[in-house]
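Presented below is the structure to which this report refers.
Keep in mind it's a predicted model, so treat the numbers as computed, not measured.
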Amino acid sequence: MSTWKRAAGALFLGAALVSRAPAADAQAYDLVLRNARIVDGTGSPWYRADLAVRGDTIARIAAAITDPGARVIDLGGLAVAPGFIDLHTHAARGIFQVPTADNYVRQGVTTILEGPDGGSPVPLKPFLDKLEALPKSLNIASFLGQGSVREAVIGLADRPASAQELERMRALVEQGMRDGAFGLSTGLFYVPGIFTPLSEVVELEKVAGRLGGVHTSHMRDEASRVQESVRETIAIGERGGLPTQVSHHKVIGKGNWGKSLETLKLIDEARSRGVDTTLDQYPYTASSTRLEAALLPAWALEGGAKQTEARLKDPATRAKIRAVTADLILNERGGGDPRNVVLTLCEWDMSLAGRNLAELTRSRGAEPTMQNAAETALLLTERGGCRAVFHSIGEEDLVRILRHPATMIASDGEVPIFGRGAPHPRSYGTFARVLAVYVREKGILTLEEAVRKMSSFPAARIGLADRGVLRPGMKADVAVFDPARVRDAATFEKPHQYAAGFAYVIVNGQVVYESGAMTAARPGRVLYGPAKSQK
């Protein structure tokens, strides 16, 4: 027999053996989900089918799967979607204390990314190694933070980098990408990112882009200069030669509401000329960050806490800072009322969680005027600072951004220690809230489009080729829920409440949540960016 005939025969025999293998195996699959309403993540209309898992992979989706499985679950028509992918979390706050990340898993999230807003460990490898060693319920990955890179080389100084410093930062970015980062995030609102000129950001993003990374940005300004900041975010991608993303897009301050009409037009114009620009959003009309970052001018924070403290001790400088802070309470993060600034966590006094600037100002015997509330903010900063929630976003802007086809969903949350502090409810409810409020109640999105914004879209954004869609050969990250019952329970007043309506959550083929409780399975993995395998 000729060589080619033997090869063809072997190939035919192999194909026959592969086709017969499921029937010959007593347990064809490890898990079979029957009577499912498949919402596959692509945005296509849902359909009824069964889904089978073998190992960590989706093995088959068909109208009826009758082959045996080690476990078979009849879902009775519940929705089955790809596990949700959250590209913007601060999960380092809590993941090592709560490696099950219950708050995320219970709302269908199976993959989270760390390192947003320009902040991450530098170097990145020790952090990723520590995550590798952590038995965890979901997958986790990371960006590298440009602000952290700058701080490692320049510190917290307000000055341009020298040629030598820029070269050192390029090397750190390359190392971070090769350690496994998915891209380089910027936090140009925060110190020291705010001190970085556009040209310097672009030079570092060129390194990330060359290695397959993306850029995500907490922009310089989300209030009066929001359009200018969107233009800069677009320019970073356009000049840096990589995909670019506006993080947690919002418009802050009543005087600025409506400007999303212009910012989204800028996104559309950029995309029409070939700039790969996208955005993400959480579905709440309040933001959250550190009090001092939101309410003190950047120049007051330059150099770090000791220098800030020294400036506050000088009466003339303190007065200048207080004037800026009062204006920010009136026109930006404070939404025109000190009651809109609510503390979530002060490490030095846990009893302050849930109290607002107006209350605290009265407690020290002063009327809650803008100037007096600003002084309260400075006193809190001197004590060590706090995290806070700021109610200053308009619902019309939120809905307009949510509808935009280039918007995906991301929480900007953390992994809270249950019952500790008064965190923004986005950590517990982002994905469930979109499904409950903006799909079921308000009809802003279809179920299929909402799931796309939570799964295949974020997966495609960072190049996760094996997750985000329900399809044979993809990793078995799956969320099972009842579209009629899913809801976010967390509120600003009572944030420590898990989402409801999810029946099962599966990560890498293993059930990590069912019957209202986390299981003992810890199948979560560290996922690595595109440069990890490159030499």
Side-chain angles (χ1 to χ4, degrees), residues 86-99 101 104 111-136 138-157 161 165-166 168-196 200-201 204-205 207-208 211-218 245 247 289-290 293 301 304-305 345 347 385 387 410-417 427 462 524-533:
D86 191 340
L87 293 190
H88 191 115
T89 82
H90 299 271
R93 295 202 298 263
I95 189 65
F96 294 105
Q97 292 78 25
V98 189
Y104 281 118
T111 299
I112 56 177
L113 270 86
E114 236 293 334
D117 298 340
S120 75
V122 176
L124 193 58
K125 187 177 185 300
F127 173 67
L128 296 177
D129 288 347
K130 187 177 179 183
L131 286 173
E132 280 280 10
L134 182 72
K136 50 201 169 291
L138 41 54
N139 306 309
I140 187 166
S142 187
F143 294 105
L144 184 70
Q146 175 268 334
S148 298
V149 168
R150 191 175 216 269
E151 183 174 358
V153 174
I154 297 177
L156 302 177
E165 288 168 337
L166 184 57
R168 287 172 59 197
M169 287 191 284
R170 285 194 186 100
L172 286 176
V173 172
E174 175 155 354
Q175 185 58 58
M177 291 298 297
R178 296 200 184 280
D179 286 343
F182 276 85
L184 185 65
S185 74
T186 53
L188 303 181
F189 173 77
Y190 297 107
V191 172
I194 197 168
F195 301 140
T196 312
E200 182 182 312
V201 174
L204 298 185
E205 295 292 351
V207 178
L211 294 170
V214 302
H215 164 246
T216 69
S217 178
H218 182 132
Q245 178 143 323
S247 295
T289 190
R290 292 203 64 83
L301 304 174
L345 183 67
E347 296 281 357
R387 297 195 63 80
S411 71
D412 196 12
E414 58 194 82
V415 179
I417 297 172
S427 294
I462 61 170
R525 298 172 183 167
V526 176
L527 306 181
Y528 294 96
K532 174 67 172 176
S533 59

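In summary, the side chains of S217 and S247 do not present any donor paired with an acceptor at a separation below 3.5 Å, with no hydrogens or angles considered. Using modelled atom types and a 3.5 Å distance limit, the side chains of T89 and Y104 yield no donor-acceptor pair. Between the side chains of H88 and S411, no donor-acceptor pair is found at a separation under 3.5 Å.
Closest heavy-atom contact between Y528 and D179: CD2-O, 3.6 Å. Listed here is the closest heavy atom pair of V415 and A101: CG1-CA, 4.0 Å.
Taking 4.0 Å as the cut-off between side-chain N and carboxylate O, R170 and E174 do not count as a salt-bridged pair. With salt bridges taken as basic N to acidic carboxylate O contacts below 4.0 Å, none links R150 and E165.
Counting heavy atoms from C-beta on, the side chains of F127 and E114 come closer than 4.5 Å. S185 has its side chain out of reach of Q146: every pair of non-hydrogen atoms, C-beta onward, lies at least 4.5 Å apart. Under the 4.5 Å side-chain criterion, counting only non-hydrogen atoms from C-beta, T111 is not in contact with I140. Using a 4.5 Å cut-off on side-chain heavy atoms (C-beta onward), P123 and L172 make no contact. The shortest side-chain heavy-atom distance between F143 and V214 falls under the 4.5 Å cut-off. Contact of the L131 side chain with the F96 side chain is registered, since non-hydrogen atoms from C-beta on lie closer than 4.5 Å.
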